[in-house]
Asks: 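So that we are looking at the same thing, I have put the structure below in structure tokens.
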Amino acid sequence: MSVDNSKLNPLLIDAELPPFAVLQPQHVEPALSELLASNRRAIEALLDELQQPSWQTLVLPLEELEDRLEKAWAPVGHLNAVTNTPEWRQAYEAVLPKLTEYGTELGQNRRLFEAYEKLAQSAEYQTLDEARRKVIDNALRDFRLSGVALEGAAKQRYGELRQRLAELSTRFSNNVLDATQGWTKHIADDAAGQQLLRGIPDMALQAYRQAAQTRNLEGYVLTLDAPAYMPAIQYAEDRELRKELYAAYTTRASEQGPQAGRWDNSPLMQEILALRHELALLLGFANYAELSLATKMAKSTTAVVNFLEDLAQRSSALAETEYAELKAFAASDLGIADLQAWDVPYASEKLRQARYALSQEELRPYFPAHKVIDGLFAVVEKLFDVQFVVDRTVATWHADVQVFNLQRAGQVIARCYLDLYARSGKRGGAWMDNCRSRRRQRNGELQLPVAFLICNFTPPSATEPSLLTHAEVTTLFHEFGHGLHHMLTRIDTAPVAGINGVAWDAVELPSQFMENWCWELAAIPLISGHYQTGATLPPELLDKMLAAKNFQAGMIMLRQLEFSLFDFKLHRDYDAAQPRPIQAVLDEVRTQVAVYAPPAFNRFQHSFSHIFAGGYAAGYYSYKWAEVLSADAFSLFEEKGIFDRETGQHFLHEILERGGAREPMMLFEAFRGRQPQVDALLRHNGIGVQAA
Ligand code: ZN
């Protein structure tokens with residue numbers, strides 16, 4: 001018996017938003033197989049009929065096909081991340097290789113490549129607007145990066161490498177998730193248990209109780225999810241407990257620690273590096289770092305390493321001083337004579353409190369999630385003249401998720417789903433993802449951009465609303481920066497609309513830029529309000545926060561530079577004949593930039609998903625690179641006023657609205673009136689000012 005998929009399968013119905021109300025894992029494989037097959041047929045037919053390729057006959061129809069596929073796949077990838085049941089994982093993994101294969105095939109389609117080349121050389125190309133030309137230029141670049149010029153065995157090998165790398169990334173990521181969820185510590189609700197948990201804030205303890213309840217246990221359950229781990233490592237007075245947690249957390253998915261070998265990413269990491277290097281060589285690059293830069297704003301591997309090492313050098317004196325202070329404080333005030341890695345967050349928090357009488361936990365009551373979100377929307381409205389309006393009519397994947405329409409002058413211009421709270425089966429961290437891209441359809445109608453905004457904040461309890469740390473407030477602003485970039489675009493061509501087509505090392509500009517408002521006196525009344533009294537965060541607390549803001553700024557800067565240099569050198573210096581152990585590369589970078597050596601069992605790299613499972617391979621430096629841009633962009637608001645309407649509009653028009661339609665350096669210069677400078681970043685971090 002055959003079924004007509006189009007009548008039954010919600011993924012095949014063209015709708016404005018994904019069919020979350022009815023979408024089931026069993027819809028995935030049939031729908032995506034159908035779409036892939038019909039896309040293949042359509043592309044072949046298009047090429048068969050094509051005389052002189054034009055925007056209308058080549059690019060637009062292809063964009064349409066890609067968009068249809070993206071609209072079906074986006075909710076699947078999304079649900080795999082936020083409701084990771086075995087069924088969704090299986091559905092996702094069953095289709096992922098087929099999509100990878102299709103992408104590889106498309107990228108290697110010689111006829112398609114030649115059609116684009118012909119279009120690029122045509123008279124029409126010269127008449128196209130900037131965005132459309134950029135779409136064609138990017139397509140040609142990506143064709144070349146996809147191995148279109150390869151022949152025979154090389155071509156086949158290329159496809160195998162891509163396929164295998166996609167599998168390895170997924171397995172890496174699943175190992176991290178499983179290792180994170182695979183470890184728990186049950187603590188009884190008795191005198192010994194209380195003793196063990198002393199120092200940990202009530203809110204975290206409540207969460208541990210809830211974690212126990214959901215497992216039908218008495219007492220408390222500690223897990224390795226960030227909202228559970230962080231308060232324990234920062235506040236637990238029991239040194240052995242901290243050590244136990246630290247060991248479990250920093251050895252996830254490795255051959256070390258309490259779960260040693262159970263979800264070990266070691267062989268996957270070695271294979272990923274080897275295959276990436278092979279891939280780069282196939283495409284004519286000397287190493288994977290060079291391949292990575294082909295699509296980035298930075299111009300050379302040397303420029304990147306120099307940039308990072310220069311920042312490290314400028315920050316190291318301050319970091320050394322900070323670490324010496326921490327050691328002295330731990331010895332004199334905490335009785336810790338031999339400061340260890342599992343003491344650093346704890347001692348740092350104690351030093352911060354001693355120096356600034358301020359803890360992240362103390363700030364939580366002033367930042368109930370709903371107040372922060374209202375404040376965030378108010379800030380966005382002041383800057384960019386748009387409103388967020390809740391829409392309760394839209395189906396989502398969980399009762400906690402809210403949908404907002406973004407409106408300008410009463411007209412809906414974009415939408416977003418907001419999923420704030422941590423829960424079992426939801427991937428950790430915070431992110432923005434593309435659900436729908438903005439594009440002008442062939443019938444002239446506009447498809448509005450839609451974003452997924454995902455956080456992992458502590459959920460509300462029976463008695464208290466969700467209360468955020470200031471760091472979480474900043475995270476929210478950060479992700480909304482990505483969201484605004486995606487939603488406020490005015491580009492009508494999907495491949496360069498919003499965050500699409502934006503160079504990786506420039507993509508963090510709007511996100512890190514938005515974080516600045518979390519630190520401004522004028523914004524505090526908008527984003528804070530005590531959950532019991534409604535009182536705004538007192539100015540003296542903000543003063544302390546500002547004083548505390550650059551606490552250990554040198555150490556933090558060096559840690560980020562350590563990750564960046566490790567990632568970049570790992571890929572740039574890979575030697576296929578004699579691959580160095582990954583640990584050796586990390587150790588060498590640490591010798592160069594770290595202020596203290598973590599214990600030998602530490603396997604941070606085994607859960608470094610950004611570079612082994614995400615898109616940041618040989619690109620982690622992008623955060624710092626973009627931070628220079630975002631700090632420098634914000635410095636214009638410091639000059640003109642942080643709610644200065646004109647500057648806000650200027651940023652909106654020159655940067656946010658333009659998506660990936662123009663080179664990021666040109667966008668930046670159009671906004672700032674000059675090339676980027678590192679001064680604002682160093683000033684914001686309190687680095688280099690002490691000498692004065
Ligand atoms: Zn980001």
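Every heavy atom of this structure was used, including side-chain atoms; hydrogens, water molecules and symmetry mates were not. Atoms within a ligand are numbered from 1 in the order they appear, just like the ligands themselves.
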Asks: Applying side chain to side chain donor-acceptor pair (under 3.5 Å), name anything that partners Asn287, two or more places apart in sequence or on another chain.
Replies: none

Asks: Which heavy atom of Tyr246 sits nearest to which heavy atom of Pro598, and what is that distance?
Replies: OH-CB, 3.9 Å

Asks: Run the numbers on Phe477 and Leu376 for side-chain contact (heavy atoms from CB on, under 4.5 Å), then give the verdict.
Replies: CA-CA 7 Å; Phe477 272 69; Leu376 165 65; 3.6 Å; yes

Asks: Give me the number of protein N, O or S atoms whose distance to the Zn ion (ligand 1) is under 2.8 Å.
Replies: 4

Asks: Is any side-chain N of the basic residue among Arg314 and Asp310 closer than 4.0 Å to the acidic one's carboxylate O?
Replies: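 Between Asp310 and Arg314 there is a salt bridge, with a charged N closer than 4.0 Å to a carboxylate O.
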
Asks: Ring-plane angle category for His482 and His478, please: parallel below 30°, perpendicular beyond 60°, tilted otherwise.
Replies: perpendicular

Asks: Hey, is Asp67 close enough to Arg436 for a salt bridge, meaning N to O under 4.0 Å?
Replies: no

